[in-house]
Amino acid sequence: MITVAEVIVDVAAYPVDRPFDYLVPAEMTNIMECGSRVKVPFGPRNVLGFVVALKNDTDVPLEKIKPITQILDIEPVLTGEMLQLAKWLKNETICYEIDALQVMLPSALRAKYEKVITLQTDVEHLPSSLKEWFEKSERVYLKQFEKNNLLPDIKKALKEKMVSLENVVQQKGKVKEVRKVRICPERETLTEIFNNISKRAKKQKLLVEWMFNHVGEIMEPDIIYKELNTSSQVLQAVIELGAASFIQQEVYRDPFTKDVKKTDFLNLTDEQSTALYKITDAMNRKQPETFLLHGITGSGKTEVYLQAIAKCLEEGKEAIVLVPEISLTPQMTERFRSRFGELVAVMHSGLSVGEKYDEWRKVHQGKVKVVVGARSAIFAPFENVGIIILDEEHESTYKQEDSPRYHARDVAIWRSNYHSCPVILGSATPSLESFARSKKKVYTLLTLKERALKQSLPTVQVVDMRDELKQGNRSMFSQQLVESIRIRLERKEQIVLFLNRRGYSAFVLCRDCGTVLQCENCDISLTYHRSNEKCKCHYCGYEIHVPKTCPQCQSDHIRFFGTGTQKVEEEIAKLFPEARVLRMDVDTTKTKGSHEQLLQAFGDGEADILLGTQMIAKGLDYPNITLVGVLSADTSLHLPDFRAAEKTFQLLTQVSGRAGRHSKPGEVVIQTYTPEHYAIELAKSQEYEPFYEREMHMRHQAGYPPYYYLALIQISHHDVMMAAEYAGKAADWLRSKLSFNISIIGPTTAGISRLQNRYRYQCLIKYKIEPNLIPTLLQLIKLYRSDWIKKGIILTVDLDPTMI
DNA sequence: AGCACGCCGACT
DNA sequence: GTCGGCGTGCTC
């Protein structure tokens with residue numbers, strides 16, 4: 001009987017986006033499992049692949065089928081659930097199956113491909129230029145020759161068959177190992193050794209004697225040295241006698257810097273208890289149910305999560321908690337670690353590749369029961385999930401912007417169906433989609449209307465900056481805000497100033513002609529980097545030195561404009577010279593951990609004012625903050641995005657929630673040029689539902705989600721005319737295939753009209769129910785792949801885009 | 001995708 | 001004559 005494995009190979013391309021059959025060699029049959037990574041020959045090269053099925057026959061002719069070269073995992077890295085989920089993701093988001101599989105694993109498990117040159121003859125026969133390279137080893141990375149401009153020589157040698165070229169597959173990440181000492185498990189052996197040690201070797205005798213009390217134990221050498229005040233020479237000698245041995249042991253890199261104190265449950269309010277009861281009830285009934293936990297800021301959503309997780313752990317199940325990347329601050333993770341201790345793994349982008357790998361392995365090996373992480377943690381390889389939580393469910397970071405373009409919320413609901421467990425979507429300002437679904441009883445709505453400590457909500461004042469201007473105040477601070485800041489400074493209370501600014505990166509502007517330095521390849525302003533006096537494009541990496549004169553008009557009045565935070569900082573210094581200000585922006589939070597350090601410093605009262613952009617809007621919870629100032633609420637309101645009002649409302653509500661969370665009452669001052677806008681008016685009264693009704697009305701009229709679904713088709717080409725022409729073709733094609741109640745908008749130029757020298761056009765499809773949509777899009781993609789791709793067109797499809 | 005094979009023009 | 005340009009086609 002033969003064993004054949006279906007393998008998805010690590011090549012992201014349409015023609016190979018299907019399983020390939022490989023022979024499983026006899027010696028591998030008993031360890032081969034679905035979900036393992038394997039090394040396989042594919043055409044002329046070696047690639048990594050995932051085993052997605054095993055069978056005993058094949059349609060592939062025997063002369064074509066090749067054997068698997070190697071298994072890379074003893075334990076499969078993907079469960080059956082994940083293999084199913086990958087297929088679903090592939091259909092749901094239109095991506096390659098390999099992309100769907102890779103996104104579930106830490107990048108350490110991805111393959112690294114290297115080309116290696118192997119010597120095939122005696123070194124002496126080589127041309128002199130190559131000889132030195134092969135003196136130490138017969139195998140040398142091709143990279144080495146590339147670096148030293150020896151590619152022509154290698155090419156020649158290859159032709160003459162003096163060397164050969166091979167593609168090797170390596171794993172990126174390594175398991176970290178440390179050397180430990182294992183003490184001999186047999187007393188008799190130790191006694192014998194002890195008796196044989198010469199009387200002069202006192203330290204050795206002492207050490208072996210001590211080992212009697214630690215028979216069979218594994219410990220770090222350093223501990224032994226300290227315990228017995230001895231050295232490595234002594235240990236070495238004893239090991240040579242056989243009393244112990246060195247072993248390599250796997251360890252986890254520890255991303256947690258400090259220990260946390262254990263905390264206990266807090267008492268729940270009636271509202272919290274009711275919510276918790278409904279969730280645990282669903283867990284008991286083993287029902288896949290989605291809850292929308294709508295709780296105002298400070299209403300104690302996290303405590304509900306924590307107690308629901310505790311219940312889940314009691315049942316012997318596991319929990320997944322997602323939080324937006326930006327609020328994955330120590331404040332948040334510590335709350336979980338202090339409640340569940342070593343049972344928690346944390347996954348976010350701040351960790352190194354190795355650290356992420358280790359956190360993932362803790363989950364994979366069943367060492368932890370709770371995962372707290374950003375978007376991709378939704379793929380935590382638990383096999384018995386009892387609850388899934390998405391905190392701040394409205395956040396756009398839950399949608400991945402590149403392939404596979406999945407939404408963590410959809411994956412969460414898929415997994416909840418698989419495991420028959422509840423999902424909790426928590427937010428003070430739910431996305432319209434989710435709230436609408438809760439109204440239609442698709443989700444179960446749980447509401448927390450009061451703050452857990454019964455504090456009143458902060459008072460919110462909206463200041464019309466046009467009036468300020470009329471009164472001759474041209475600064476960024478209204479009189480109202482200046483007065484409020486002055487009072488806090490006197491009372492020694494803390495202030496958070498929030499600069500809601502789009503494109504908050506620094507740029508370079510000519511003050512004579514108004515030119516802003518632009519990228520050569522993209523339709524984007526260059527970002528100024530103070531550290532090396534360079535301007536960089538954040539989309540393609542293009543970089544230039546800051547010019548002395550304007551490239552347009554040669555004027556030397558060229559000046560860089562900061563994040564805005566620097567300018568605000570200067571103004572504060574003028575108005576309140578005594579105030580201690582902490583500025584938090586891309587400049588001050590570049591290095592690892594600086595974000596945490598700044599927050600810690602602020603929490604410890606080392607500054608009076610915290611000044612920053614988006615990143616300070618979340619998770620900030622310090623008792624002494626009593627004033628929040630929003631310097632300009634308008635910028636996010638005027639973005640060309642149908643979610644602009646929703647985002648502004650969410651942001652304002654979010655930042656307002658930072659004030660007066662504890663005993664001291666809070667105040668919020670919002671400065672704006674459009675106080676009459678409903679997003680700002682309703683943020684002032686801090687009521688979600690009136691905003692929801694109003695915004696739903698707008699969406700209904702404009703034909704946007706949640707009334708309609710969206711799909712975005714993007715087409716790009718090096719040549720403007722080609723891009724425009726084919727975008728038009730795509731739109732016409734879709735119009736001819738899809739029914740009349742679907743509206744297709746465009747083609748129009750994309751938000752960033754040129755990226756990496758490609759001109760970008762897009763079409764927006766709005767639809768209600770269209771079972772034909774995905775098949776039609778697949779047909780379009782087929783057309784594109786068979787024909788358009790040759791002409792240099794690139795077409796992408798984003799189902800349910802968040803940004804347009 | 002990435003690599004081999006294959007068929008045409010410009011160089012030692 | 002050969003080197004190398006990129007069109008075509010395949011990968012178990």
Side-chain angles (χ1 to χ4, degrees), chain A residues 1-26 28-29 32 34 36-72 83 90 94-103 107 110-118 127 141-143 145-146 149-161 163-170 172 402-404 716 718 756 758 781-782 784-797:
Chain A
M1 177 129 88
I2 57 158
T3 314
V4 173
E6 291 186 9
V7 174
I8 299 285
V9 292
D10 181 17
V11 181
Y14 173 65
V16 293
D17 186 27
R18 61 181 175 87
F20 283 82
D21 285 1
Y22 283 90
L23 217 55
V24 180
M28 288 183 201
T29 43
M32 183 62 71
C34 287
S36 286
R37 293 172 308 149
V38 289
K39 207 160 95 176
V40 290
F42 192 64
R45 58 208 164 115
N46 292 307
V47 295
L48 180 140
F50 291 90
V51 177
V52 293
L54 290 168
K55 55 192 183 182
N56 292 311
D57 54 10
T58 175
D59 298 333
V60 181
L62 276 161
E63 66 274 12
K64 264 187 135 181
I65 199 162
K66 292 179 186 171
I68 288 172
T69 315
Q70 193 193 337
I71 307 186
L72 295 168
L83 296 179
K90 174 182 177 176
I94 313 186
C95 69
Y96 301 122
E97 193 162 342
I98 187 68
D99 282 343
L101 291 167
Q102 303 260 40
V103 79
S107 61
R110 297 224 181 122
K112 208 168 76 180
Y113 297 98
E114 292 272 15
K115 288 172 183 167
V116 173
I117 300 291
T118 312
Y141 286 122
L142 182 67
K143 260 199 261 169
F145 300 106
E146 227 171 329
N149 293 323
L150 289 167
L151 278 186
D153 303 53
I154 283 295
K155 243 181 173 173
K156 222 189 209 164
L158 269 171
K159 229 175 216 162
E160 290 164 24
K161 301 251 156 78
V163 295
S164 67
L165 184 139
E166 189 193 356
N167 278 297
V168 296
V169 187
Q170 284 165 354
K172 267 189 184 165
D402 43 53
S403 174
S716 71
H718 287 300
Q756 303 208 23
R758 304 187 67 92
I781 290 170
K782 219 170 183 177
Y784 147 72
R785 280 166 179 159
S786 65
D787 199 18
W788 300 6
I789 201 164
K790 291 184 204 125
K791 301 191 167 81
I793 302 279
I794 290 179
L795 180 147
T796 59
V797 175

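Within every chain, numbering begins at 1; the chains are lettered A, B, ... in the order of the sequence lines, protein sequences first and strands thereafter.
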Can you give the donor-acceptor pairs under 3.5 Å from side chains of residues 47-60 of chain A to other protein atoms, not counting sequence neighbours?
{"unit_1": "A:K55", "atom_1": "NZ", "unit_2": "A:E6", "atom_2": "OE2", "d": "3.0"}
{"unit_1": "A:K55", "atom_1": "NZ", "unit_2": "A:D21", "atom_2": "OD1", "d": "3.3"}
{"unit_1": "A:K55", "atom_1": "NZ", "unit_2": "A:D21", "atom_2": "OD2", "d": "3.0"}
{"unit_1": "A:T58", "atom_1": "OG1", "unit_2": "A:D21", "atom_2": "OD2", "d": "2.7"}
{"unit_1": "A:T58", "atom_1": "OG1", "unit_2": "A:V60", "atom_2": "N", "d": "3.0"}

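- The distance between atom CD of A:E166 and atom P of B:dG2, rounded to the nearest whole Å, is 18 Å.
- Of all non-hydrogen atoms in A:Y113 and A:N46, the two that sit nearest each other are CE2-O, 3.6 Å.
- In this structure, the ring-ring contact (aromatic ring centres under 6.0 Å, His included) partners of A:F42, at least two apart in sequence or on a different chain, are A:F20.
- In this structure, A:Y96 contributes its side chain and A:V16 its backbone to no donor-acceptor pair below 3.5 Å.
- First and last contacts of DNA chain C with chain A, using any nucleotide atom under 4.0 Å from a protein heavy atom and ordered 5' to 3', fall at C:dT11 to C:dC12.
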Steps toward side-chain contact (heavy atoms from CB on, under 4.5 Å) verdict (A:L83, A:L101) = CA-CA 7 Å; A:L83 296 179; A:L101 291 167; 3.9 Å; yes
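- Rounded to whole angstrom, the span from the CZ atom of A:F42 across to the C1' atom of B:dG2 amounts to 10 Å.
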Between the protein and nucleotides 10-12 of chain B, are there any N/O to N/O pairs under 3.5 Å, and if so, what are the atom names and distances?
none

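- Closest heavy-atom contact between A:Y22 and A:V9: OH-CG1, 4.3 Å.
- Nucleic acid contact class of A:K155 (heavy atoms, under 4.0 Å, all strands): none.
- At a threshold of 4.5 Å between non-hydrogen side-chain atoms, the residues A:V38 and A:M28 do not count as touching.
- Contacts with DNA chain C (heavy atom under 4.0 Å) in residues 16-25 of chain A: A:V16, A:R18, A:F20, A:D21, A:Y22, listed by number.
- Counting only residues at least two apart or in different chains, salt bridge (Lys or Arg N to Asp or Glu O under 4.0 Å) contacts with residues 37-50 of chain A comprise A:R37-A:D73.
- Between the P atom of B:dA1 and the CG atom of A:L48 lies a distance of 19 Å, rounded to the nearest Å.
- Taking all atoms of both residues into account, the shortest heavy-atom contact from A:L158 to A:L165 is CD2-N, 3.6 Å.
- Atom NZ of A:K155 sits in a sparse spot, with 12 or fewer heavy atoms from other residues, nucleotides or ligands closer than 6.0 Å.
- Counting any heavy atom pair closer than 4.0 Å across all strands shown, A:P61 reaches no nucleic acid atom.
- Shown here for A:R18 and A:I8, the closest heavy-atom pair between the two residues is C-CD1, 3.8 Å.
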